[in-house]
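Take a look at the structure set out below.
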Amino acid sequence: MPGITGMISEGPTERCQRLVAAMVRSMEHEPFYASGTYFAPELGVYAGWTAHENSFAASQPLFNERRDIALIVSGECFANSGIRSGLRGKGHRLETANDWLVHLYEEEGEQFFEKLNGLFSGLLIDKRQGKAFLFNDRYGLERIYWHEAKDGSYFASEAKALLRVLPETRVFDEEGLAEFLTYGCTLEGRTLFRSIQLLPAASLWAFERARCRKRKYFSPQTWESQPVISNEAFTARFEETFRHVVPRYFTSQSRTGISLTGGLDTRMIMACRPHNAGDIVSYTFSGETGETFDDRLAAQVAKGCGLEHRLLRLGPDFLSDFASHVDRTVFVTDGCFGATGAHEIYLNKLARQLAPVRLTGNYGSEILRGVSTFKPIALSPALLSPGFNAALRPVAGPFADGSTHPITFAAFREIPWNLFGSLAAVRSQVEFRTPYLDNEMVALAYRAPESLWKSPLPAWQLVKANSTLLSRIPTDRSPSPDTPQPAAALERFFLEATFKLDYLNNEGWPHWLSPFDSIFDRVTSSLKIVGLHKYLHYRRWFRRELAEYVEAVISNARTQQAPFWNPYFLKEMATNHVEGHNNYVSEINAVLTLEAVERLLLRGAGRQESNEFNAPVSPAVIVEQTQPELA
């Protein structure tokens with residue numbers, strides 16, 4: 001996915017330049033990526049980037065007029081019109097759409113980082129002070145992987161960039177691996193790779209030659225300390241804030257696509273969309289055939305808003321070429337998303353053909369209504385070797401106890417740790433936007449009274465206040481509040497029942513019911529019940545269309561004899577799932593994912609290393625900036 005990379009080192013200039021050029025090349029996944037490098041050898045700073053063409057981060061570096069401040073950024077930063085007007089009023093020339101960032105730093109100094117809003121990371125080089133600042137967003141969702149070596153500090157938005165140039169890191173980190181096999185992700189600052197860590201959220205690391213001062217510019221305690229307000233005050237503030245925030249996410253030089261679902265979060269965005277939003281298209285992801293509630297309801301919402309709407313479907317080539325989709329997903333996301341996420345890049349590639357910017361309702365449920373999917377994945381103990389099973393026990397303890405504020409848990413743990421893989425896959429294809437992690441929205445969520453937090457009532461009220469038409473359309477989980485009883489109760493029961501049946505059929509099928517799978521499939525298919533909510537059927541695909549692929553990869557995993565698998569169980573697992581005796585979709589996903597990580601990111605980086613280091617450094621993508629002479 002697009003991002004930044006680089007190193008802070010006092011080593012030989014030419015060597016540092018070649019290392020950074022190799023790291024940039026490892027992140028160039030698509031022909032529509034722009035890329036470049038920026039070197040300040042007198043400060044020991046060597047950096048590079050990749051970005052979507054015509055995106056927020058495409059024109060880099062950003063300079064001030066004297067060119068003694070340079071900024072390289074990934075992601076997007078948002079500012080209100082007051083900041084830009086204030087800078088112009090002080091005589092700053094804003095030659096590009098993002099020059100305000102550098103000029104705001106000139107005005108605010110290190111307080112500049114506290115004023116940033118969005119999902120971003122960056123490197124700011126201040127030659128006046130002889131310093132470089134490495135920073136990221138408040139949530140740590142725009143990841144920065146880092147490694148400290150004898151010859152300097154290395155950093156990158158993608159772990160593979162570090163793996164490419166640091167052979168000593170091409171080994172699984174045992175603690176990270178144990179966390180991954182317990183929760184499906186790594187926790188805190190750990191990764192899957194030895195001696196590669198994640199920059200903590202809201203980090204501001206100041207490098208001055210070999211010295212590094214590490215601090216955080218924001219703490220969630222700032223938001224936690226706010227007073228809770230009344231129901232009436234919160235409802236009014238919620239509507240006012242959301243209507244104020246949403247328009248900034250429609251501002252774009254490129255066409256914007258809105259990925260509609262049948263839920264409340266995208267409904268709120270549509271109800272509050274600005275009338276001058278520009279060129280917009282809406283779409284919904286779907287399976288190869290059939291029609292889900294999302295498909296039907298999203299089409300109704302789009303029609304009510306007068307928008308063009310498309311269904312973007314998985315094609316036959318998704319399953320026929322599934323191995324390459326898995327490899328691409330694992331490689332692009334550094335193993336954070338695996339086999340059961342292979343659809344994300346496929347579908348978002350289709351979305352990019354409609355619009356390069358994707359606006360979503362992602363994270364609204366987590367921030368506003370306390371919805372959480374973060375829990376142990378409960379792999380069969382028989383999957384792992386006895387020694388590695390012992391390693392899992394220390395990480396099985398609670399990490400979200402009663403002392404953690406629920407919104408802090410959602411915004412600063414669940415989303416950047418557990419939900420990052422999907423985001424990484426999406427961002428490889430489109431520019432990702434959501435208003436639900438806007439600083440103003442998250443800050444306000446902390447002020448919700450207990451009676452309204454987790455309640456859909458404020459969302460429904462907001463939709464109705466801004467679009468009566470949209471408020472009459474039910475969601476995929478509940479009827480419209482205007483639906484009279486007892487029809488509303490019957491509709492709610494039907495929606496919940498079909499949702500749970502879909503969950504069972506696609507993910508949660510217990511082992512003891514597996515022998516009855518074919519009977520259940522025939523009955524529910526004839527009644528057209530299953531498939532109303534979900535279009536992804538990995539459990540059945542692993543049994544049928546993908547059975548040969550699953551058995552081949554698991555056989556290869558047995559041959560490789562990785563120390564964490566139980567080789568005797570691997571063969572039994574594949575056979576029992578394919579033959580319908582058990583449901584091992586989570587275990588299969590873990591094996592397919594980690595096999596690809598080892599093959600592509602660990603062994604694969606070593607195979608490419610010599611060619612990368614011998615490749616010439618192209619002057620076309622290098623900007624060398626030295627201290628300008630003073631007039």
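Side-chain polar atoms of D295 and T284 form no donor-acceptor pair below 3.5 angstrom. A donor-acceptor pair shorter than 3.5 Å cannot be found between the side chains of Q300 and H309. For the residue pair T329 / Y346, no side-chain donor-acceptor distance below 3.5 Å is found, with atom types taken as modelled. Side chains of S422 and E344: a donor on one and an acceptor on the other come within 3.5 Å. No side-chain donor-acceptor contact under 3.5 Å links T468 and S471. Inspection of the S480 and R472 side chains reveals no N or O donor paired with an N or O acceptor under 3.5 Å. A donor-acceptor pair shorter than 3.5 Å can be found between the side chains of H343 and Y538. If you check the side chains of N589 and T340, you find a donor sitting under 3.5 Å from an acceptor. With no hydrogens or angles considered, no side-chain donor-acceptor pair links R215 and Y217 at under 3.5 Å.
Side-chain contact between W205 and L199 is present, with heavy atoms from C-beta onward closer than 4.5 Å. With a 4.5 Å cut-off on side-chain heavy atoms, L359 and T434 do not count as touching. Contact check for S252 versus F56: no side-chain heavy atoms found under the 4.5 Å cut-off.
Taking the ring axis of F234 as reference, the NZ or CZ atom of R237 does not stay both within 45° of it and closer than 6.0 Å to the ring centre. For the pair R143 and F420, the cation-pi test (distance below 6.0 Å, angle within 45°) is passed. In this structure, R352 forms a cation-pi arrangement with F32, its terminal cationic atom sitting closer than 6.0 Å to the ring centre and no more than 45° off the ring axis.
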**Message:** Could you walk me through whether F133 and F113 satisfy the ring pair (Phe, Tyr, Trp, His ring centres under 6.0 Å) test, starting with their C-alpha distance in whole Å, then the side-chain angles of each, then the deciding distance to 0.1 Å, before giving a yes or no?
**Reply:** CA-CA 10 Å; F133 298 93; F113 301 97; 5.8 Å; yes
**Request:** Show your working on ring pair (Phe, Tyr, Trp, His ring centres under 6.0 Å) between Y139 and W417 and close with a plain yes or no.
**Result:** CA-CA 10 Å; Y139 316 104; W417 300 352; over 10 Å; no
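For residues 359-374, the pairs satisfying salt bridge (Lys or Arg N to Asp or Glu O under 4.0 Å) are D265-R369, with sequence neighbours left out. For residues 414-436, the set of pairs meeting the salt bridge (Lys or Arg N to Asp or Glu O under 4.0 Å) definition, not counting sequence neighbours, comprises E76-R433, E142-R427. For residues 456-465, the pairs satisfying salt bridge (Lys or Arg N to Asp or Glu O under 4.0 Å) are K464-D482, with sequence neighbours left out.
Shown here is Q485, whose CD atom has more than 12 heavy atoms of other residues, nucleotides or ligands within 6.0 Å. Within a 6.0 Å sphere centred on NZ of K303, heavy atoms belonging to other residues, nucleotides or ligands number 12 at most.
Counting only distance, with no hydrogens or angles, the side chain of S282 and the backbone of A302 share no donor-acceptor pair below 3.5 Å. With hydrogens and angles ignored, the 3.5 Å screen pairs no side-chain donor or acceptor of N117 with any backbone N or O of F78. Without hydrogens or angle criteria, R358 side chain to N348 main chain gives no donor-acceptor distance under 3.5 Å.
A salt bridge links D438 with R248; the closest basic N to acidic carboxylate O contact falls under 4.0 Å.
Remark: R328 engages E30 in a salt bridge (Lys or Arg N to Asp or Glu O under 4.0 Å) (not counting sequence neighbours). Residues passing the salt bridge (Lys or Arg N to Asp or Glu O under 4.0 Å) test with R243, sequence neighbours excluded: none. In terms of the salt bridge (Lys or Arg N to Asp or Glu O under 4.0 Å) criterion, residue partners of R255 (sequence neighbours excluded) are, by chain and number, D279, E308.
Between the OH atom in Y446 and the OG atom in S225 there is a gap of 10.0 Å [rounded to 0.5 Å]. To the nearest 0.5 angstrom, E240 atom CD is 12.5 Å from T235 atom OG1.
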